[in-house]
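Worksheet for the structure shown next.
Because the structure is predicted, anything quoted here is derived from the model rather than measured.
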Amino acid sequence: MEQSLAVIGSHLFLVFGLLALGGAATMVFARSAVHSVVGFLFCMLALASCYLCLGAEFLATAQILVYAGGIVVLFLFVVMIVELSKYKEQTRFQLHTPWAVGLVVAGAAAFIAVFWQTYFSPSAPQALTLDPTLAQGLDVANQNAQAISRGLYADFLLPFEILSVILLVALVGAVVLAKAERT
Amino acid sequence: MPSMNSVLLISFLLFSIGVVGVLIRRNALIILMCAELMLNAANLNLIAFARHSGTVHGQAFALLVMGLAAAEVAVGLALVVALYRKKSTIQVDELDLLKG
């Protein structure tokens, strides 16, 4: 039972990961901005499911709340404010920076080479595994939020406070930037 | 449990889709979304390594990154709206205010 659950979990992760990749590709290559935002929403929901498969229940919930609930709505609002018909892109993509594309391709090739090496070469180092027994501290599955809060408020207290200041500054900055100019 | 390799591969692919989007799209909104996508790919890695190491620190840090992403989006979208007011466009290659 446990074994089959673990197998199902890993397959589910792959399924949701591929869905997230599909959403991301839709986001980048869609013609209209609204379709891009919908692809983004899809990607974020699939990623939340991935977090769930990795045993991060609280983060999955937070992902849905923050992204699907907040950020996507903000993006849709801005798409609404900015007149869509006005920015018909003559050429959607700017491929006239071949060095940039080449750089990305080179980086991807380097990563894939490393990945290939660790996976398939005869002297492959021991691949990292997600050992369930190691995750005892996290495996308080029904107390995931409790465990996170302990980490957040005990060990990451200073970053947490700094983040709250950053949020405040961003709030004020967004209001100032988006305010209509007084003439 | 999914294997670490599959998690790393998916997060790498997500990140590279984000980079490609930033480089080839010229719509400021979509560039902003791609930046979000890259932050999320990093988050996926943080959570996977938290799972691997059996501590909760990775997850707590991913939560901090999520809050930072929200702040970034607020400021970025305000910038986009302000740009649209000033220049009536959000195509990044039409914005050449710094050109002398």
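Within the 4.5 angstrom heavy-atom criterion, no atom of A:V105 approaches chain B. Interface remark: A:L47 contributes side-chain atoms only to the contact with chain B (heavy atom separation under 4.5 Å). Residue A:F77 does not touch chain B at all, counting heavy-atom pairs closer than 4.5 Å. With a 4.5 Å cut-off on non-hydrogen atoms, B:V75 touches chain A through its backbone and its side chain both.
In the hydrophobic clustering of ILVMFWY residues, with side-chain heavy atoms under 4.5 Å counting as a link, A:M44 and B:L13 come out together. Linking ILVMFWY side-chain heavy atoms closer than 4.5 Å, directly or via other members, places A:V79 and B:I90 in a single hydrophobic cluster. Hydrophobic clustering places A:L54 together with B:L9 (ILVMFWY residues linked when any side-chain heavy atoms are closer than 4.5 Å, directly or through intermediates). A chain of hydrophobic side-chain contacts below 4.5 Å, direct or via other Ile, Leu, Val, Met, Phe, Trp or Tyr residues, connects A:L76 to B:L32. Hydrophobic clustering of Ile, Leu, Val, Met, Phe, Trp and Tyr side chains at less than 4.5 Å, counting indirect connections, keeps A:I71 apart from A:L65.
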Q: Verify side-chain contact (heavy atoms from CB on, under 4.5 Å) between A:C43 and B:L14, making sure each step is shown before the conclusion.
A: CA-CA 10 Å; A:C43 179; B:L14 278 175; 4.1 Å; yes
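Between B:L63 and A:F58, the closest side-chain pair of non-hydrogen atoms falls below 4.5 Å. Contact annotation: the side chain of B:V56 never approaches that of A:R150 to less than 4.5 Å [non-hydrogen atoms, C-beta and beyond]. With contacts defined as side-chain heavy-atom distances shorter than 4.5 Å, the pair B:L29/A:S36 does not qualify. Between B:I24 and A:F29 the shortest side-chain heavy-atom distance falls below 4.5 Å. Taking the side chain as every heavy atom from C-beta outward, A:L59 and B:M66 approach each other to under 4.5 Å. Using a 4.5 Å cut-off on side-chain heavy atoms (C-beta onward), B:Y84 and A:V78 make no contact. Here the side chains of B:E36 and A:F40 are in contact, with some heavy-atom distance below 4.5 Å. In this structure, A:V28 and B:C34 have side chains that are in contact, with non-hydrogen atoms separated by less than 4.5 Å.
In terms of heavy-atom pairs under 4.5 angstrom with chain A, the leader among B:V80, B:L68, B:L64 is B:L64. Interface summary for chain B: among A:I8, A:L152, A:V72, the most heavy-atom pairs under 4.5 angstrom belong to A:L152. The candidate with the highest count of non-hydrogen atom pairs below 4.5 Å against chain A, out of B:V73, B:N40, B:V19, B:I10, is B:N40.
Of all heavy-atom pairs between B:N27 and A:A33, the closest is ND2-CB, 4.4 Å. The two atoms that bring A:A30 and B:R25 nearest to each other are O-NH1, 3.0 Å, heavy atoms only. Between B:L37 and A:A24, the shortest heavy-atom distance links the atoms CD2-CB, 3.6 Å. For B:A70 against A:V66, the heavy-atom pair with the smallest separation is CB-CG1, 4.3 Å. A:Y67 and B:A69 make their closest contact through OH-CB, 3.2 Å (heavy atoms, listed as atom of the first residue, atom of the second, distance).
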Below 3.5 Å, can you tabulate the donor-acceptor pairs from side chains in residues 154-178 of chain A to any protein atom, sequence neighbours excluded?
unit_1	atom_1	unit_2	atom_2	d
A:D155	OD2	B:H57	NE2	2.6
A:S164	OG	A:E161	O	2.5

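B:N43 and A:Q63 form no side-chain donor-acceptor contact under 3.5 Å, judged by distance and modelled atom types alone.
Using a 4.5 Å cut-off between non-hydrogen atoms, the part of residues 14-23 of chain A that approaches chain B consists of A:L14, A:G17, A:L18, A:A20, A:L21.
Heavy-atom neighbours of A:F42 CZ from other residues, nucleotides or ligands within 6.0 Å: at or below the threshold of 12.
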